[in-house]
Amino acid sequence: MVACLIMVFLSIAYYFQLLYDKEIISLKRDSVFWISTGLLVYHLGSTLGLLLINVMHIISIEKARNILLIIQSSAIIMYINYSIAFLCGRRKKSGML
């Protein structure tokens with residue numbers, strides 16, 4: 001749980017760094033932005049889901065299954081963001097002749 005909160009804090013800190021940076025960058029080409037977004041979505045979804053699943057398991061098993069779907073969906077969104085970061089990352093120019 002502590003590790004998830006640290007990852008959420010670091011992701012939000014990166015967004016603040018982007019907000020106050022003097023250099024304007026294209027977010028669709030910034031791979032770190034996509035990775036941070038994926039980590040934020042996954043860790044918020046899984047942390048809140050795991051907190052709620054214990055309570056909902058007592059109330060209704062069907063509601064607990066729905067929360068499990070939310071956790072799995074946040075993992076899928078994280079991997080989609082990783083794929084975007086991989087595909088749209090910055091390409092360095094080669095110094096070769």
Side-chain angles (χ1 to χ4, degrees):
M1 190 67 102
V2 173
C4 287
L5 294 176
I6 290 172
M7 292 304 293
V8 168
F9 172 76
L10 290 175
S11 296
I12 292 173
Y14 177 73
Y15 293 138
F16 276 110
Q17 179 185 356
L18 282 178
L19 186 63
Y20 292 113
D21 194 12
K22 292 186 189 323
E23 181 184 346
I24 297 174
I25 60 172
S26 175
L27 294 180
K28 65 182 178 181
R29 303 294 288 169
D30 187 20
S31 60
V32 179
F33 170 77
W34 292 106
I35 292 171
S36 294
T37 303
L39 287 172
L40 181 67
V41 167
Y42 173 72
H43 287 293
L44 278 178
S46 65
T47 302
L48 295 174
L50 291 174
L51 286 173
L52 289 175
I53 201 164
N54 291 328
V55 176
M56 290 301 162
H57 180 69
I58 296 169
I59 297 172
S60 169
I61 194 74
E62 187 61 36
K63 290 182 182 181
R65 286 188 184 131
N66 289 339
I67 292 174
L68 187 61
L69 285 174
I70 292 172
I71 294 171
Q72 292 170 345
S73 298
S74 66
I76 291 170
I77 292 170
M78 179 185 67
Y79 290 124
I80 289 171
N81 282 328
Y82 281 1
S83 299
I84 293 171
F86 177 73
L87 294 173
C88 297
R90 295 182 187 171
R91 292 179 181 90
K92 294 183 180 180
K93 293 183 179 178
S94 175
M96 298 176 67
L97 295 174

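What's counted below: heavy atoms across the whole structure, side chains too, no hydrogens, waters or symmetry copies.
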Say whether [X] and [Y] are linked into one hydrophobic cluster, either directly or through other cluster members, by side-chain heavy-atom distances under 4.5 angstrom.
X     : Y     : result
Phe9  : Ile6  : yes
Tyr79 : Phe86 : no
Val2  : Val8  : no
Ile80 : Val32 : yes

[atom1]-[atom2] distance between [X] and [Y], expressed to the nearest 0.5 angstrom:
X     : Y     : atom1 : atom2 : result
Gln72 : Tyr42 : CD    : OH    : 10.0 Å
Leu5  : Leu44 : CG    : CG    : 9.0 Å
Trp34 : Ile84 : CH2   : CD1   : 4.5 Å
Leu52 : Asn66 : CG    : CG    : 12.0 Å
Tyr14 : Ile35 : OH    : CD1   : 9.0 Å
Leu19 : Ile12 : CG    : CD1   : 13.0 Å

*asked:* Is there a side-chain contact (heavy atoms from CB on, under 4.5 Å) between Met78 and Thr37? Walk through the geometry before answering.
replied: CA-CA 8 Å; Met78 179 185 67; Thr37 303; over 6 Å; no

*Do Ser46 and Cys4 pass the side-chain contact (heavy atoms from CB on, under 4.5 Å) test, and can you show the C-alpha distance, the side-chain angles, and the key distance before you say yes or no?*
CA-CA 8 Å; Ser46 65; Cys4 287; 4.3 Å; yes

*For the residue pair Leu40 and Met7, establish whether any side-chain heavy-atom pair is separated by less than 4.5 Å.*
no

*Using side chain to side chain donor-acceptor pair (under 3.5 Å) as the criterion, list what pairs up with Tyr82, not counting sequence neighbours.*
none

*Considering all heavy atoms, the nearest Ser11-Ser36 contact*: OG-O, 3.4 Å

*May I ask you to check whether over 12 heavy atoms, not counting those of Tyr15, lie within 6.0 Å of atom OH?*
yes

_Intermediate values then yes/no, side-chain contact (heavy atoms from CB on, under 4.5 Å), Asp30 and Leu18_ = CA-CA 11 Å; Asp30 187 20; Leu18 282 178; 4.3 Å; yes

*Go through the structure and list residues passing side-chain contact (heavy atoms from CB on, under 4.5 Å) with Ile24, not counting sequence neighbours.*
none

